[in-house]
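Given the structure is predicted, the values throughout are model-derived calculations rather than measurements.
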Amino acid sequence: MFSRWARRPLTSLLARLPSQCEVCRAWPSRRVCDACVARFAPPTARCGGCALPVPEGVARCGECVRHPPPLDACLAACTYAWPWPECIAQFKFRGEAGWAGPFATLMRSVPWVEPALEQCDSVLPMPMAPARLRERGFNQALELARRLASAKTDATLLLRTRETPAQSGLARAERLRNLRGAFAVEPLRAGRLQGQRVVLVDDVMTSGASLFSAAEVLRLAGAAHVTAIVFARTDPPH
């Protein structure tokens, strides 16, 4: 009996144990209970180009109509507001990679996410600069991508060639200039993108500049369709 259980991954066993909701502290529960998901990640009409909230029945926000982004679709599970910033901080900065599972489950619940994952050829996590990756120990976008579509996840096709200065306080055009040359496709494998459908995955989308820059690089390499899927999207400034 012991040997049978010993062969199972410890993480698999722990995932089956009762837990406490990290938000409301309900017990027993999953890491985030159904009531908190319904309250803090409700279905929201979002722009198909940048995932900002829009009125019901509106497909694209005014900015994306005037300046179409290089994404064919952009999907977000929730707004970057309490309690998600604290949960994301635990995930990214405190080494709690176990958050990837609950976050990916929420991302999969968004309309059009499942079809995007089924129809795509590759799922690419937003890459990190080597120094940042060494500092953090793991790429949170890669952890999400693996839980969304492990068989299609490719962690080495899209590269981050350099770290960029802080983006806060910059306008959208300035952010895009700041990121110019920050992403590249692995030269020896670039040909595999020709005519492909690609999904980009990240945890948080702020202005969209990073995702847009990465999408432009993928399009230049021949990608025919690029969808971005993120866990949280920040609200526009008021």
Rounded distance [0.5 Å steps], [atom1] in [X] versus [atom2] in [Y]:
X	Y	atom1	atom2	value
Leu144	Met107	CG	CE	5.0 Å
Gln119	His225	CD	NE2	8.0 Å
Ser207	Phe212	OG	CZ	7.5 Å
Leu158	Arg189	CG	CZ	11.0 Å
Tyr80	Phe231	OH	CZ	10.5 Å
Leu52	Cys74	CG	SG	8.5 Å

Decide yes or no on salt bridge (charged side-chain N to carboxylate O under 4.0 Å, His left out) for Lys152 and Glu118, but give the supporting numbers first. CA-CA 10 Å; Lys152 294 183 177 181; Glu118 290 171 4; over 6 Å; no
Residue pairs passing the ring pair (Phe, Tyr, Trp, His ring centres under 6.0 Å) test where at least one lies in residues 185-211, sequence neighbours excluded: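 Qualifying pairs, neighbours excluded: none.
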For a quick check under 3.5 Å, do [X] and [Y] share a side-chain donor-acceptor pair by atom type?
X	Y	value
Arg160	Ser210	no
Arg192	Ser122	yes
Thr206	Arg233	no

How close do Cys50 and Cys61 get, heavy atom to heavy atom, and via which atoms?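 Closest approach of Cys50 to Cys61, heavy atoms only: SG-SG, 3.7 Å.
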Would you find a donor on one side and an acceptor on the other, under 3.5 Å apart, between the side chain of Arg147 and the backbone of Glu143?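 Looks like yes, one N/O pair under 3.5 Å.
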Any sub-3.5 Å donor-acceptor pair from Gln20's side-chain atoms to Trp27's backbone N or O?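 Side chain of Gln20 to backbone of Trp27, a donor-acceptor pair under 3.5 Å: no, none is there.
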Counting only heavy atoms not in Arg39 (residues, nucleotides, ligands), do more than 12 fall under 6.0 Å from its CZ?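 12 or below, so no.
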Check [Y] with [X], please: is the shortest side-chain N to carboxylate O separation under 4.0 Å?
X	Y	answer
Glu96	Arg31	yes
Arg60	Glu63	no
Arg197	Asp72	no
Glu86	Arg94	yes

Can you tell if the side chain of [X] reaches within under 4.5 Å of the side chain of [Y], non-hydrogen atoms only?
X	Y	value
Leu75	Arg46	no
Phe91	Phe138	yes
Thr227	Leu200	no

